[in-house]
Amino acid sequence: MASTAAVTQGVIPVELLKGQKALVTGANSGIGKATAIGLGRAGADVVVNYVSGRDAAEEVVKEITSFGVRAAAYEADVSQEDQVTAVMDRMVQEFGTIDILVANAGMQRDAPFTEMALEQWQKVLDVNLTGQFLCAREATKEFRRRGVVPAVSSSAGKIICMSSVHQLIPWSGHVNYASSKGGVQMMMATLAQELAPHKIRVNAVAPGAIRTPINRGAWETPEAREELLRLIPYNRIGDPQDIAHAVVALASDLMDYVVGTTLYVDGGMTLFPGFATGG
Ligand code: BGC
């Protein structure tokens, strides 16, 4: 993926989010990590949330602070209400407020349907959907308390829900994950409708196949990679930076009139590539 790195190197305007405070959940690896770093590069101060893996979170903090902005790692399980409220209280105390929430933390616990334990179903719904609900609710309280500060942003706050192409594409063997992302889609749209009058913008980013630890099995062997590429018209596997760029743009005032949208960042995966030659 050297070519991707070269194309994406340094494309983020460094002052785009200057003075804004961002919280990224699940930010010590994969998409969350790239997004936290991207927001920092764009000038935001960033809280790097993680549930385990403190060292990795501190590495992300180090990289972000090298851009001359503030960052800190906060441990919390986003599915636990008391931990989410504690994170938000601490962020307001230490960073002053929150302008951008990237509700990113997510997981897979795959199994064929009849073998899927209730615990597997519940855990994925708890983290992927309830976790986003809790973080969005607590961030919204602070957005509403503070209101719009025109020198910082045209809106009172931005929520970006990390969804997936599987909010749209059914996915055998992953009913818990696909259901959680379908839920994220409707939660996002409902919150967007409810919160727009308060000048809060809620949107989602729906990644396709991005090269991260969550889907290692789908790209690490040449056979798996070839099979995966058949599902991607743009013919490359995504890089976490592809998602970071979309989030930075959506969070910025460049997108101030974008409300309740899902931005698919998937190389065309949702274009039914099987129909390119069939149907
Ligand atoms: C999943 C990945 C998968 C991708 C495309 C993502 O939401 O987490 O495991 O490769 O969708 O199917």
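Hydrogens, waters and symmetry mates play no part in the numbers below; they use all other heavy atoms, side chains included. Numbering of ligands and ligand atoms starts at 1, following listing order.
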Next on the checklist: Nearest 0.5 Å, please: how far is CG in Asn128 from OH in Tyr177?
Outcome noted: 6.5 Å
Item to check | Nearest-neighbour protein heavy atom for atom 6 (C) of ligand 1, which is reported as residue plus atom name and distance | outcome: Tyr177 OH, 3.6 Å
Next on the checklist: Within the 4.0 Å heavy-atom shell around Ser164, which atoms of ligand 1 are there?
Outcome noted: 6 (C), 7 (O), 11 (O)
Item to check | Closest approach of Tyr264 to Ser164 (non-hydrogen atoms, all atoms of both residues) | outcome: CE2-O, 4.5 Å
Next on the checklist: Checking a contact table here: which protein heavy atom is nearest atom 5 (C) of ligand 1, and how many Å away?
Outcome noted: His166 NE2, 3.5 Å
Checklist entry - Between Trp171 and ligand 1, is there a nitrogen or oxygen pair with a distance under 3.5 Å? => result no
Checklist entry - Sequence neighbours excluded, which residues qualify as side chain to side chain contact (heavy atoms under 4.5 Å, CB included) partners of Arg230? => result Glu226, Glu227
Item to check | Atom of Val48, atom of Ala36 and distance for their closest heavy-atom approach | outcome: CG2-CB, 4.4 Å
Item to check | Note, Gln167 side chain near Met188 side chain (heavy atom, < 4.5 Å) | outcome: no
Next on the checklist: Please list the nearest protein heavy atom to atom 2 (C) of ligand 1 with its residue and the distance rounded to 0.1 Å.
Outcome noted: Gln108 OE1, 3.4 Å
Checklist entry - If you measure from each non-hydrogen atom of Lys181 to ligand 1, which part falls under 4.0 Å: side chain, backbone, both or neither? => result neither
Next on the checklist: Ala111: which residues meet the side chain to side chain contact (heavy atoms under 4.5 Å, CB included) condition with it, sequence neighbours left out?
Outcome noted: Met116, Gln120
Next on the checklist: Give me the residue, atom name and distance of the protein heavy atom closest to atom 4 (C) of ligand 1.
Outcome noted: Gly208 O, 3.6 Å
Checklist entry - What protein heavy atom sits nearest atom 10 (O) of ligand 1, and how far off is it? => result Asn215 ND2, 3.2 Å
Next on the checklist: Under a 4.0 Å threshold between the charged nitrogen and the carboxylate oxygen, would Asp99 count as salt-bridged to Lys21?
Outcome noted: no
Checklist entry - Looking only at heavy atoms of Ala218, does any of them come nearer than 4.0 Å to an atom of ligand 1? => result no
